[in-house]
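Just so you know, these numbers use all the heavy atoms, side chains as well, and skip hydrogens, waters and symmetry mates. Counting starts at 1 for both ligands and their atoms, following the listed order.
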Amino acid sequence: MTAAMRREVGDVKELGVFNPYDGSLVGRVAVTPADAIDVLLARARDGAAAARSLPRHRRATILETAAQQIDATCEDFARTIVREAGKTIAQARKETLRCINTLKLSADEARRNAGEIVPFDAYAGSEARQGWFTREPLGIIAAITPYNDPLNLVAHKLGPAIAGGNAVLLKPSELAPFSALKLVETLIAAGLPESVITVAVGGADLGHAIVSARPVRMVSFTGGFATGEAITRAAGLKKLAMDLGGNAPVIVMADCDLDKAVAACISGAYWAAGQNCIGTQRILVQAGCYDRFRDAFVAGTKKLRAGDPELEGTDVGPMISVSAAEKAEAAVDAAHARGARILCGHWRAGALYHPTILEAVPRDDRLWREEVFAPVVVLERFETLDEAIGMANEPDYSLHAGIFTGNLAHALAAADGIEAGGVMINDSSDYRFDAMPFGGFKHGSMGREGVRFAYEDMTQPKVVCINRT
Ligand code: NAD
């Protein structure tokens, strides 16, 4: 919150942000009360005018300069992610590098994607017309983001919005706001007019006030299903982009390179302590290799070092909070009480929940049907690929899936049959490239991120047509 905003908002409360690993205070941040919405909107209106008047080369240069600055201070950004979100330092460095790439891709979009010629003479009747469409800004976009990728998921909204000439009302997760604040500071230092991004930190009441405000033209939300539904109810007539949860399946065929599948599934399942929307949650293994896969997967999981995320050798850091870890533990206890077998892990120290593998989980259990968002994996055996595809598709929402196979026909049958926004072949579900279209299938999914796709969602075509007669 800027000094001017503080004066207009009056008494400002502060929120403590705590390190999920050791509970230490990371810092304090000013909370914007929900009733300050008019102040936020007034600033965002100024921001919208400033943003649309920036020529495309300026938008691109600002995004590139910010990317260079983040590159130069990469370690500092990575440490911020570790302290507030609990990712391991290696994972946080990777997120920072991805953020740099997201900003660079956004700069490319600002320069490249300005509209198209409309071929009026392609069908009879309009030969005397000539024209084009431009990509115009929407105006004010609300960006609401979660805690688990507190830097790059914010860049995925700010980058395309700036490239498209929009102002943004950003509400980062109140659990991990500092990476977002650093990103905004960096963009402003790179030349972005201050009013283009209005950051407000707070909880659900503030989020509700932002998404329901009439001048907001689009809500770009990343987070959980319940929040997505609440936003949808409150938003009214505006564009919605919803990037919600997952419960990703990976199919392991007996004809695959098993060592590769085991290593990829270990990374895919426990990255960010399983707090990853495309993290591998269900691994479906063909009967012919089930025992071999399970033994190697359990052995590999047991070797992971869980602990202090700031240490270079740590593989699995804490979950975001003790209560999140307790919920994961309770979900595993409940499945166990219904007959599931726990193969490893399932012990907790504060927010640190050790990687846990189960088999024989009932297919109506929440570990099978819903997103667990924790380092918890369910193994299940199948006989035929058709059966595995049917199992993969059981939840009524999905983001990504994976298949390991040495057989091209199997790979293509899975790509065709799995209902998901992305099917990774010979990779776990946890592969994402920031330029690809990214989003879900089935219930609740709306829109795609991935810079070009978000940019197109955040702009509106305007046709200019010349009548030559
Ligand atoms: P969350 O839904 O609890 O919170 C996300 C954001 O919404 C936060 O900023 C929160 O303050 C805000 N919010 C809460 N209530 C609101 C309301 N009523 N109106 C407006 N805003 C409100 O999610 P989380 O726990 O921070 O993140 C985890 C979830 O995010 C998981 O379900 C995960 O799968 C999902 N996620 C999805 C993607 C994707 O790209 N599909 C990526 C990362 C995370």
Side-chain angles (χ1 to χ4, degrees), residues 15 17 20 29 31-32 34 37 84-87 95 98 102 142-157 169-177 179-181 199-213 216 219-236 238 240-248 271-281 319-321 323-325 327-328 370-374 395 397-400 420-422 429-430 432 434 436-450 453-454:
L15 177 91
V17 175
V29 61
V31 174
T32 303
I37 185 69
E84 67 177 355
K87 271 189 167 177
E95 181 177 344
R98 282 186 55 194
T102 303
I144 313 264
T145 54
Y147 68 81
N148 64 315
D149 283 330
L151 181 65
N152 192 37
L153 288 180
V154 179
H156 264 288
K157 300 192 188 304
L169 254 177
L170 168 66
K171 199 201 83 55
S173 170
E174 64 278 28
L175 301 174
S179 305
L181 292 170
V199 194
V201 178
D205 55 342
L206 175 67
H208 177 87
I210 292 172
V211 303
S212 53
V216 170
V219 178
S220 174
F221 171 69
T222 302
F225 273 94
T227 314
E229 281 182 339
I231 290 175
T232 311
R233 280 193 296 272
K238 48 180 69 93
L240 296 177
M242 292 276 148
D243 277 289
L244 307 178
N247 170 350
W271 188 267
Q275 300 162 115
N276 174 5
C277 59
I278 51 174
T280 303
Q281 182 170 327
M319 294 184 64
I320 189 66
S321 62
S323 72
K327 271 191 205 148
E370 290 170 29
E371 176 182 58
V372 59
F373 217 58
Y397 54 88
S398 84
L399 276 172
H400 269 194
S429 53
D430 182 29
R432 179 178 179 187
D434 293 287
M436 74 190 207
F438 181 76
F441 261 35
K442 304 198 274 186
H443 179 70
S445 250
M446 295 185 212
R448 287 288 180 272
E449 291 209 325
F453 304 91

Can you confirm whether the side chains of Y397 and E371 place a donor and an acceptor under 3.5 Å from each other?
no

* Under 3.5 Å donor-acceptor, D205 side chain and A34 backbone -> no

min-distance protein heavy atom vs atom 37 (C) of ligand 1 -> L244 O, 3.2 Å

Under 3.5 Å: donor-acceptor pair, side chain of E449, backbone of F438
no

Note: ligand 1 atoms sitting under 4.0 Å from heavy atoms of P172 are 9 (O)

Taken in chain and number order and not counting sequence neighbours, the residues that satisfy side chain to side chain contact (heavy atoms under 4.5 Å, CB included) with A230 are R233

re atom 35 (C) of ligand 1, the protein heavy-atom contact at minimum distance is G223 O, 3.3 Å

- request: Would you check whether N148 has a nitrogen or oxygen atom less than 3.5 angstrom from a nitrogen or oxygen atom of ligand 1?
  value: no

### Query
For residues D430 and H400, is any side-chain donor paired with an opposing acceptor at under 3.5 Å?
no

Looking only at heavy atoms, the pair that brings L244 and G228 closest together is CD2-CA, 4.2 Å

Please answer whether the main-chain N or O of E370 pairs with a side-chain N or O of Q281 as donor and acceptor at a distance below 3.5 Å.
yes

Requested in this report: Return yes if some donor-acceptor pair links the side-chain N/O of K157 with the main-chain N/O of L170 below 3.5 Å, else return no.
Outcome: no

Near F221 (heavy-atom distance under 4.0 Å), the atoms of ligand 1 are 2 (O), 5 (C), 6 (C), 7 (O)

request  = Give a yes/no verdict on whether any heavy atom in D149 is under 4.0 Å from an atom of ligand 1.
outcome  = no

Checking heavy atoms under 4.0 Å, the part of L153 that sits near ligand 1 is side chain

Ligand 1 atoms nearer than 4.0 angstrom to some heavy atom of S173 are 9 (O)

among protein heavy atoms, the one nearest atom 1 (P) of ligand 1 is T227 OG1, 3.6 Å

Original post:
Has the side chain of S445 got a donor or acceptor atom that lies under 3.5 Å from a matching backbone atom of G440?
Top reply: yes

Looking only at protein heavy atoms, what sits closest to atom 31 (C) of ligand 1 is E371 OE1, 3.4 Å

Closest to atom 39 (C) of ligand 1 among protein heavy atoms sits C277 SG, 3.4 Å

Checking heavy atoms under 4.0 Å, the part of A234 that sits near ligand 1 is neither

Closest to atom 21 (N) of ligand 1 by heavy-atom distance, out of A324, P146, A241, G207, is G207

Within the 4.0 Å heavy-atom cut-off, what D243 brings close to ligand 1 is both

In terms of heavy-atom contacts, V17 and E174 come closest through CG2-O, 4.0 Å

Short version for E449: what comes under 4.0 Å of ligand 1, heavy atoms counted, is neither

Query raised in the report: Short N/O distance, under 3.5 Å, between E174 and ligand 1?
Result: yes

Rounded to the nearest 0.5 angstrom, the CG-OG1 distance for L240 and T232 is 5.5 Å

min-distance protein heavy atom vs atom 17 (C) of ligand 1 -> A204 O, 3.8 Å

The closest protein heavy-atom partner of atom 6 (C) of ligand 1 is T145 O, 3.5 Å

query: Has the side chain of S429 got a donor or acceptor atom that lies under 3.5 Å from a matching backbone atom of I278?
result: yes

min-distance protein heavy atom vs atom 33 (C) of ligand 1 -> F373 CE1, 3.3 Å

Check: If you count the non-hydrogen atoms of other residues, nucleotides and ligands that lie under 6.0 Å from NZ in K238, is the total more than 12?
Finding: yes

| task | Determine whether W271 and T280 make a side-chain contact, defined as any pair of heavy atoms from C-beta on separated by less than 4.5 Å. | result | no

Quick note on ligand 1: atoms under 4.0 Å from a heavy atom of I144 include exactly 6 (C), 7 (O), 9 (O), 12 (C), 21 (N)

For Y147, the ligand 1 atoms with a heavy-atom partner under 4.0 Å come out as 24 (P), 25 (O), 26 (O), 27 (O)

At under 4.0 Å between heavy atoms, what of F438 touches ligand 1? The answer is side chain

Do L153 and D243 come within less than 4.5 Å of each other through their side chains, counting heavy atoms only?
no

For G224, the atoms of ligand 1 under 4.0 Å from one of its heavy atoms are 1 (P), 2 (O), 23 (O), 29 (C), 30 (O), 32 (O)

For I231, the ligand 1 atoms with a heavy-atom partner under 4.0 Å come out as 19 (N), 20 (C), 21 (N)

Counting from 1 in the order shown, the ligand 1 atoms closer than 4.0 Å to a non-hydrogen atom of L399 are 41 (N)

N/O to N/O below 3.5 Å, does that happen between R432 and ligand 1?
no

